[in-house]
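Here's the structure we're looking at; comments come further down.
Here, residue 1 is the first one in the sequence, and each next residue gets the next number. These numbers come from the heavy atoms of this one structure, side chains and all, not from hydrogens, waters or symmetry mates.
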Amino acid sequence: MSMHALVVDDSRAVRMIIGRTLSKLGFSVAEAADGVQAIARLQLDGPADVALVDWNMPRLDGLGLLRRVRDDAAHDGMRLIMVTTETEVDQMVTALEAGADEYLMKPFTPAALRDKLALLGLVPAAAA
């Protein structure tokens, strides 16, 4: 059974880049352009195994989305990775407190994304 990922970013290019990497790792991928669309996708598709969430988005930002997902018991098993250009330690702490499991900074490489997924047990760790 394939793992299901939700990529939430207001940049279509970023969604494509992340989606391509996830597809190569065997994930089926759904996309949303903001937190409101992401909530709708989750209601339609059911919980994802992992969501990669941009911080800065219109309508409902990444932090708001993290909190909404964490407040919904239907999504208890879902892993959340905040993907953002925000590099301040305070921001990271805020994201983790809001429910992020991991934090990935833009720009990032496919290997960095894979490493975060491996830390969460979603893909095998890359051979050294």
Side-chain angles (χ1 to χ4, degrees):
M1 194 182 95
S2 82
M3 302 281 264
H4 184 65
L6 177 61
V7 179
V8 189
D9 197 301
D10 55 337
S11 162
R12 186 167 173 271
V14 171
R15 291 197 309 270
M16 283 176 54
I17 292 164
I18 294 174
R20 194 173 302 132
T21 300
L22 290 168
S23 293
K24 285 180 184 164
L25 293 170
F27 285 83
S28 65
V29 180
E31 295 182 5
D34 60 39
V36 174
Q37 263 188 27
I39 298 284
R41 282 236 65 114
L42 290 170
Q43 288 169 342
L44 195 67
D45 301 343
D49 295 294
V50 63
L52 294 96
V53 179
D54 183 32
W55 188 302
N56 298 302
M57 296 181 291
R59 299 201 299 168
L60 179 61
D61 70 4
L63 276 183
L65 177 58
L66 291 184
R67 292 185 178 117
R68 292 273 296 273
V69 168
R70 288 298 180 227
D71 286 345
D72 185 343
H75 304 302
D76 278 354
M78 196 161 102
R79 310 311 293 266
L80 298 170
I81 301 176
M82 183 66 90
V83 183
T84 182
T85 54
E86 303 289 343
T87 57
E88 297 294 319
V89 172
D90 293 355
Q91 311 283 77
M92 278 183 239
V93 170
T94 301
L96 295 169
E97 285 174 348
D101 294 297
E102 276 297 336
Y103 198 95
L104 182 62
M105 286 188 219
K106 294 177 186 173
F108 56 86
T109 63
L113 173 54
R114 184 197 171 99
D115 289 347
K116 293 293 183 182
L117 293 168
L119 281 172
L120 296 176
L122 296 168
V123 298

Sub-4.5 Å side-chain heavy-atom contact between Leu52 and Leu6: no

Residue pair Asp101, Arg70: steps toward the salt bridge (charged side-chain N to carboxylate O under 4.0 Å, His left out) verdict: CA-CA 11 Å; Asp101 294 297; Arg70 288 298 180 227; 2.8 Å; yes

Thr85 side chain reached by Trp55 side chain, heavy atoms, under 4.5 Å: no

Residue pair Met82 / Leu104, side-chain heavy-atom distance below 4.5 Å: no

Heavy-atom closest pair, residues Gly62 and Met57: N-CE, 3.6 Å

Rounded distance (nearest 0.5 Å) linking atom CG of Leu119 with atom CZ of Arg114: 12.0 Å

Partners meeting salt bridge (charged side-chain N to carboxylate O under 4.0 Å, His left out) with Asp61 (sequence neighbours left out): none

Transitive ILVMFWY side-chain link Val53 to Val29, under 4.5 Å: no

Closest non-hydrogen atom pair, Ala48 against Met78: O-CG, 3.0 Å

Side chain proximity check, Gln91 to Thr84, heavy atoms < 4.5 angstrom: no

Nearest non-hydrogen partners of Gly35 and Val8, listed with the distance: N-CG1, 4.2 Å

Minimal non-hydrogen separation, Asn56 against Asp54, with atom names: O-OD2, 2.9 Å

Pair Gln37-Arg59, side chain to side chain contact (heavy atoms under 4.5 Å, CB included): steps then yes or no: CA-CA 9 Å; Gln37 263 188 27; Arg59 299 201 299 168; 4.1 Å; yes

Heavy-atom closest contact (Gly99 atom, Leu80 atom, distance): O-CD1, 3.8 Å

Ion pair check, Lys106 and Asp9, cut-off under 4.0 Å: yes

Single-linkage hydrophobic cluster, 4.5 Å side-chain cutoff, Phe27 and Ile17 together: no

Tyr103 side, atom OH; Met92 side, atom CE - distance, nearest 0.5 Å: 5.5 Å

Nearest-0.5 Å distance, CD of residue Glu97 to CZ of residue Arg67: 8.5 Å

Hydrophobic cluster identity match, Ile81 and Leu96, side-chain contacts under 4.5 Å: no

Interatomic spacing from CD in Glu31 to CG in Leu22 - rounded to 0.5 Å: 10.0 Å

Partner of Ile39 by side-chain contact (heavy atoms from CB on, under 4.5 Å), out of Leu44, Asp34, Asp72, Leu65: Leu65

hydrophobic_cluster_shared for Met105 and Val7, side chain cutoff 4.5 Å: no

From CZ (Phe108) to NZ (Lys116), nearest 0.5 Å: 11.5 Å

Within-4.5 Å side-chain heavy-atom neighbours: Val83 and Val14: no

Glu102 side, atom CD; Leu120 side, atom CG - distance, nearest 0.5 Å: 5.0 Å

Shortest non-hydrogen contact between Leu66 and Ala95, atoms and distance: CD1-O, 3.7 Å

